[in-house]
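Chain letters run A, B, ... following the sequence lines, proteins first, then strands; residues in each count from 1.
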Number of protein chains: 4
Amino acid sequence: MEQALKIERAGRPRDARLDDAIVAATIELLEERGYNDMSLAAVAERAGTSTTAIYRRWKSKSELVAHAVFRTEGDDVVAETDNIAVDIASMVRWAAEKLARPAALAAVVGILGESRSERVARSTAAAMASKRVIDRLNRAKDRGEIRADVDTRVLASLIAGPVLNEVFAGGAAHVNERWIAELVSIVLDGVRPR
Amino acid sequence: MEQALKIERAGRPRDARLDDAIVAATIELLEERGYNDMSLAAVAERAGTSTTAIYRRWKSKSELVAHAVFRTEGDDVVAETDNIAVDIASMVRWAAEKLARPAALAAVVGILGESRSERVARSTAAAMASKRVIDRLNRAKDRGEIRADVDTRVLASLIAGPVLNEVFAGGAAHVNERWIAELVSIVLDGVRPR
Amino acid sequence: MEQALKIERAGRPRDARLDDAIVAATIELLEERGYNDMSLAAVAERAGTSTTAIYRRWKSKSELVAHAVFRTEGDDVVAETDNIAVDIASMVRWAAEKLARPAALAAVVGILGESRSERVARSTAAAMASKRVIDRLNRAKDRGEIRADVDTRVLASLIAGPVLNEVFAGGAAHVNERWIAELVSIVLDGVRPR
Amino acid sequence: MEQALKIERAGRPRDARLDDAIVAATIELLEERGYNDMSLAAVAERAGTSTTAIYRRWKSKSELVAHAVFRTEGDDVVAETDNIAVDIASMVRWAAEKLARPAALAAVVGILGESRSERVARSTAAAMASKRVIDRLNRAKDRGEIRADVDTRVLASLIAGPVLNEVFAGGAAHVNERWIAELVSIVLDGVRPR
DNA sequence: GAGTAACCGAGACGGTACGTCACGTCTTCTG
DNA sequence: CAGAAGACGTGACGTACCGTCTCGGTTACTC
């Protein structure tokens, strides 16, 4: 659909390589310097382009960062199996991969540092991701893999929450397979039918 | 110790009311505008003072914010009982009270936005808080209230983590007693001896 | 000569109406906003065309402005009579008509704002116009209408100069027939044979 | 009067040497590069200061330039004698000194390039200077040195106008004593009583 | 009547300057 | 010595314009 519109677009087309170069430079600099010390001028220089080209694509620094770090919207389709243990583990793993990078932390700083109204708009994305997780948990509940009296909203916050906690405490390093296994084990024991 | 020095300090003493006015203005503006859009000039104006007075007390904006939001360092002595269910609930409640305010979110932005070295220094505070939680959980494990094979570090992240998750998703509003009770119930089921 | 080349030019011919529309829009915007605040994008929009079409015709903004305001190069053939009083009056009148428009002032800004080398190139046009004036004055001197010891270069600057002065002082409004007559009267009294 | 107010001013006083350094750098760069190619960043660098310090003193680039080039408001008190020939010559000389510098031309570009409303405000300064000239001419007329039927407004434009003309034609070089003498001679012949 | 060359519009591109803002430091006067 | 006022340098932000370019599409002359 958007594709159809693009075909009819007039004017010089955007240089697609610039998009990639800008995003790559953004992530690099985010990891090297952190959010506040990353200037768009530096991003432009490293990407071999100009700040103008950046502002043509994103409205602000925080929007660029949010897109660069969390843009991969299609890849969150973690395989859904019939085994809730496997599913929860893979969701935790997915959250860990998303968040346990220095750039992710920097991106959160950018998003949360915005004025309230913009922030609310952006956080709907997080809300939607959360909704998908809850839906899946509900289906597992329907299948009887999860106890009927469990509030799946609370359960959902037990999946991403611990990862967030480690990231903010500065110890994302030890979020490894063992850590994930231990987490999943506790959570499953807490929700599986008795 | 610092108290002792203050007694013998020469010259005009600091106006103690300014401390409170500055902290109050900081929290207000943090909630109204977010971290980035809160300027120290605005804080000074609302507090009826000048930026000079602020910088005499705190080294930087992020330090002021960190102090204003998390300064209450003594009050975290949550009563320790013999009942781990009660203890975990009160720890979750404590985390929720600490974090489920708009200003807390803004403070995190300020701390995480700092350059890496400063951030590390400050996060030791969080680490220490975390250590106290883990110690308590270990004592409960020793008493047999928690299964012997549970990693208390992971368990600790199940206490503050979910709260963090709700805060960042923007929905700190529904972190109420029912939510906390549900959370504690799941976690306890997951860690209590079989 | 250029005309001859045009006849043999292949491809789609230029839309002659665009030339006029661009020039008209340029003058309008020059008068409304001044040189610096007139953007070529605005000119293009008002002329119902694009900046591309403008740059196909003129090399730069200042060149467009110079052409739009002073392009009428053929019309300066002020009738030369045997009466220097009439001639000087008509030259002053011509200068006034050329310069006493808001757009003329803006055009001067454009030309003088150019870097030195470009400016020199363009000012030869002014020099040539000046030369024609001086030649005419010299002929009047030869005929005895002007005192033999008058430096016609200085006299020439007494014709356009006062008009320029009024324009820059912002009071081009009162450069009317009475003003011109008074000016010519003084100058003639100063140069006619005693 | 303004002096009195200054005495009561609180805060760190402005560094007066910066004013001079900025003005000097402005004039230098104006002569080297012209108005458009002179950036405030370059001015700041050469003056050993920052653009912020410049904007604290002047509202815009054109205002800085206008002040730097034409600020010397007190020095225009050309000695008034009883001899109108001497006075006119000295006024022409004064105009020539003011205008026949590369920086003056650049300053005119800046002032005239502004949007109309700002320009009008500034040109009142020129109008006032003009008024002083006319007043003096009127006094000479009262003394009988100038013919009673001469319009002194037109006469005034015969003093600065020719200088302007030479400057814009690019030939300010030959505005020397001989040129001035010749100009004054013609003008005087045109206005002195018969 | 098919080719071709130059036009047209839209709009992206690099570059550069502008003017604003905040931070954290400093300098001065006043209490 | 604290406080208020306000200057200072640094450095980023986001906007605007210039002049160039690339694209799809159009129009006229030429073969």
When rounded to the nearest 0.5 angstrom, what distance separates CZ in Phe168(C) from CG in Leu105(C)?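 Between atom CZ of Phe168(C) and atom CG of Leu105(C) there are 5.5 Å.
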Going from CD1 on Ile54(B) to CG on Leu40(B), what distance comes out if it is rounded to the nearest 0.5 angstrom?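 Output value for this atom pair is 5.5 Å.
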Arg57(C) side chain N/O closer than 4.0 Å to the phosphate oxygens (OP1, OP2) of dC8(E)?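 Yes, such a contact exists.
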What is the distance, to the nearest angstrom, from the [atom1] atom on [X] to the [atom2] atom on [N]?
X	N	atom1	atom2	result
Leu64(D)	dA17(E)	CG	P	16 Å
Trp58(A)	dC13(F)	CH2	P	15 Å
Glu45(A)	dG14(E)	CD	P	13 Å
Ile54(C)	dC17(F)	CD1	P	13 Å

Take Thr49(A) and Asp15(C), find for each the nucleotide of DNA chain E with the closest heavy atom, and name the residue whose nucleotide sits nearer the 5' end. Asp15(C)
Position toward the 5' end of DNA chain F (nearest nucleotide), Gly48(B) or Pro13(C): Gly48(B)
Cationic tip of Lys61(A) within the cone over Tyr55(A)'s six-membered ring, i.e. under 6.0 Å and within 45° of the normal?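 That pair does not qualify as a cation-pi contact.
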Please enumerate all residues that pass salt bridge (Lys or Arg N to Asp or Glu O under 4.0 Å) together with Asp19(D), with sequence neighbours excluded.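 Asp19(D): salt bridge (Lys or Arg N to Asp or Glu O under 4.0 Å) contacts with Arg57(D).
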Suppose we screen for salt bridge (Lys or Arg N to Asp or Glu O under 4.0 Å). Which residues come up paired with Arg17(B), at least two apart in sequence or across chains? Asp15(B)
Counterpart residues, side-chain contact (heavy atoms from CB on, under 4.5 Å), relative to Ala21(D) (two or more places apart): Ala47(D)
With Glu28(C), which residues qualify under side-chain contact (heavy atoms from CB on, under 4.5 Å), at least two apart? Glu32(C), Arg46(C)
Determine yes or no for a side-chain-to-main-chain donor-acceptor pair under 3.5 angstrom, with Arg33(B) supplying the side chain and Ser39(B) the backbone. no
Contacting residues from residues 16-29 of chain D, given that a heavy atom lies under 4.0 angstrom of DNA chain F: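 Contacting residues: Leu18(D).
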Polar atoms only, N or O, under 3.5 Å: list the protein pairs with nucleotides 22-26 of chain E and their distances.
from	atom 1	to	atom 2	distance (Å)
dC23(E)	OP1	Lys61(B)	NZ	3.2
dC23(E)	OP2	Leu40(B)	N	2.9
dG24(E)	OP2	Tyr55(B)	OH	2.8
dG24(E)	OP2	Lys61(B)	N	3.1
dG24(E)	O5'	Tyr55(B)	OH	3.4
dC26(E)	O2	Arg12(D)	NH1	3.1

